[in-house]
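The structure appears right after this line, and notes come after that.
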Amino acid sequence: MYGTHFGLQELPFTITPDTSFFFAHSSHQEALNTLLVAVRSGEGFMKVIGEVGTGKTLLCRKFLSALDHREFVTAYIPNPYLQPMTLLLAVADELDIKYPQHINQHQLLKLLNRYLIDSYAEGKRVLLCLDESQAIPIETLESLRLLSNLETERRKLVQVVLFGQPELNARLDNPSIRQLKQRISFACQLSPLNLSEVEFYLSHRLAVAGYRGPRLFPHKVVKRIYRISNGIPRLVNIISHKSLMAAFGEGARVVADRHVRMAVEDTESTQGALTVKARIKRYLTALVSIVATVSLLPLTTMVLTGTTLVTGGPV
């Protein structure tokens, strides 16, 4: 891989949510600060909305790692596409609550309630984070609301943070769970990176990965990456990673425009970002190739009649 070639200690543009690479750009830092303040003030429900690839999972993990675990007990559910009972079992597992093999929902809720009361008596707050929350079934969202009913006169016994794509907002508009929507006291919106943030983002990740050399991505190249990715961090990572691979393949020490073009051509999720000029160029190249192929066929075997191409014997 290109790590040694560029003097890197690790790969800088992987798409795994590694908190050491967290980049505190405007909307992400604002969301992190909001969540930290909200959980300490005892709010019941919070939500974070972001498009695919904007870094919701990374923010979630950064948020959880920033909490004082002497004060907070946390449960993280990465895939909440679960029925109500299954979700409650997943929460119990995350909190390390022991329960018998054959337990009904009423008994499980009693165990959870006892755990929450005991945690409160010990001065601890219980926090539940659900990633990909746009996938949560409506009936499961309602069970979360019922779980959040557990409270003292001063504060909720459990706090819930929903991380999801914009479809979560549509799901919360369902009239059957309007009570849950009313309980969401803080909402954050993650936005893509702007051009200057993409520039800092690339430098930040390279520095975390141990790069100490001259500039790897010239400003012209950064502008192309920004334009193609629309500032979506995941796409920035994918294009930058493949661009470095292309540069390494040529033995180059700096990423050039052609390396980014090679990266884009190899990335299906960026094909919609091709410019009109690039699409026309592809079409003309294909057309020239077809014409060249046809011109090689023996002329004696073809008869052109009107718009019909006839080959071989009589019609």
Side-chain angles (χ1 to χ4, degrees), residues 11-36 46-63 66 78 129-135 161-172 186-209 215-244 255 257 259-261 263-276 278-279:
L11 297 181
F13 298 112
T14 58
I15 59 174
T16 53
D18 185 343
T19 56
S20 63
F21 284 99
F22 179 76
F23 178 66
H25 84 96
S26 54
S27 71
H28 284 64
Q29 187 62 56
E30 181 181 345
L32 179 59
N33 293 342
T34 299
L35 290 175
L36 291 173
M46 296 143 273
K47 72 173 181 179
V48 177
I49 299 295
E51 272 292 353
V52 175
T54 50
K56 297 181 296 296
T57 300
L58 180 57
L59 174 65
C60 179
R61 294 190 179 183
K62 181 66 176 178
F63 165 59
C129 290
L130 296 103
D131 208 351
E132 302 295 344
S133 294
Q134 75 281 348
V161 186
L162 303 172
F163 291 83
Q165 297 169 20
E167 291 83 355
L168 174 60
N169 286 331
R171 181 148 296 211
L172 291 172
F186 284 90
C188 307
Q189 179 76 43
L190 300 184
S191 61
L193 305 167
N194 60 36
L195 175 57
S196 63
E197 287 172 335
V198 169
E199 197 143 24
F200 282 117
Y201 179 81
L202 295 174
S203 299
H204 167 74
R205 293 192 73 103
L206 285 168
V208 173
R215 181 166 181 160
L216 271 181
F217 292 86
H219 184 66
K220 178 183 177 182
V221 169
V222 175
K223 288 176 68 176
R224 177 177 282 273
I225 292 174
Y226 166 69
R227 187 169 64 251
I228 293 167
S229 67
N230 290 316
I232 301 296
R234 182 181 295 162
L235 290 179
V236 172
N237 284 1
I238 293 171
I239 296 168
S240 301
H241 171 65
K242 291 185 176 181
S243 298
L244 286 173
V255 175
D257 210 43
H259 301 138
V260 178
R261 287 199 300 271
V264 172
E265 289 171 1
D266 188 55
T267 306
E268 185 175 353
S269 57
T270 62
Q271 295 308 300
L274 289 174
T275 62
V276 173
R279 287 195 287 269

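Below, each value reflects all heavy atoms present in this structure, side chains not excepted, and no hydrogens, waters or symmetry copies.
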Q: Mind listing the closest non-hydrogen atom pair of Q165 and E132 along with its distance?
A: NE2-OE1, 3.6 Å
Q: State which residues pass side-chain contact (heavy atoms from CB on, under 4.5 Å) with Q189; sequence neighbours excluded, sorted by chain then number.
A: I49
(Q) I'd like to check the ring pair (Phe, Tyr, Trp, His ring centres under 6.0 Å) partners of F23; sequence neighbours left out, ordered by chain and number. (A) Y201, H204
(Q) Tell me the closest heavy-atom pair linking T14 and R205, and the distance in Å. (A) O-NH2, 3.4 Å
Q: Using the test side-chain contact (heavy atoms from CB on, under 4.5 Å), find all partners of A209 that sit at least two apart in sequence or belong to another chain.
A: L8, E10, P12, F21
**Q.** Residues that K47 engages under side chain to side chain donor-acceptor pair (under 3.5 Å), provided they are two or more places apart
**A.** N169
Q: Tell me, please, which residues at least two apart from S27 pass side chain to side chain donor-acceptor pair (under 3.5 Å).
A: S191
Q. With T57, which residues qualify under side-chain contact (heavy atoms from CB on, under 4.5 Å), at least two apart?
A. P17, R61, Y76, D131
Q: Determine whether R224 and V264 make a side-chain contact, defined as any pair of heavy atoms from C-beta on separated by less than 4.5 Å.
A: no
(Q) Applying side chain to side chain donor-acceptor pair (under 3.5 Å), can you list everything that pairs with H241, at least two apart in sequence or on another chain? (A) Y2
Q. Does the side chain of V236 come within less than 4.5 Å of Y226's, by heavy atoms?
A. no
Q: Starting at CD1 of I232, measure out to CG of N237 and round the result to the nearest 0.5 Å.
A: 11.5 Å
Q) Can you name the ring pair (Phe, Tyr, Trp, His ring centres under 6.0 Å) partners of H259, sequence neighbours left out? A) none
Q | Any E51 side-chain heavy atom under 4.5 Å of P192 side chain | A | no
Q | Non-hydrogen side-chain atoms of L58 and T19 separated by less than 4.5 Å | A | yes
Q) What's the shortest heavy-atom distance between I225 and S229, and which atoms? A) O-OG, 2.8 Å
Q: Report yes if some heavy atom in the side chain of V48 is under 4.5 Å from a heavy atom in the side chain of L162; otherwise report no.
A: no
Q) In terms of heavy-atom contacts, does CG of L36 have more than 12 from other residues, nucleotides or ligands at under 6.0 Å? A) yes
Q) Can you name the residues that form a salt bridge (charged side-chain N to carboxylate O under 4.0 Å, His left out) with D18, not counting sequence neighbours? A) none
(Q) Can you tell me how far apart SG (C188) and NZ (K56) are? Round to the nearest 0.5 Å. (A) 13.5 Å
Q.
Test of understanding: with side chain to side chain donor-acceptor pair (under 3.5 Å), list the residues that count as partners of E167, not counting sequence neighbours.
A. none
Q. Is the backbone of L32 close enough, under 3.5 Å, to the side chain of K62 for a donor and an acceptor to pair up by distance?
A. no
Q | Residue pair S243 / A263: nearest heavy atoms and the distance that separates them | A | OG-CB, 3.6 Å
Q) Got L244 and V255 here, is their nearest side-chain heavy-atom distance under 4.5 Å? A) yes
Q. Partners of R171 by side-chain contact (heavy atoms from CB on, under 4.5 Å), sequence neighbours excluded?
A. I138, L141
Q: Using side-chain contact (heavy atoms from CB on, under 4.5 Å) as the criterion, point out the one residue from L202, I238, I239 that pairs with F13.
A: L202
Q: First locate atom SG of C129, then atom CZ of F63, and finally report the distance between them rounded to the nearest 0.5 Å.
A: 5.0 Å
Q: List in chain and number order the residues that pass salt bridge (charged side-chain N to carboxylate O under 4.0 Å, His left out) with R234, two or more places apart in sequence or in another chain; answer none if no residue qualifies.
A: none
Q) How about F22 and H28: do any of their side-chain heavy atoms sit closer than 4.5 Å? A) yes
Q: State, to 0.1 Å, how close A31 and L59 come at their nearest heavy-atom pair, and which atoms those are.
A: CB-CD2, 3.8 Å
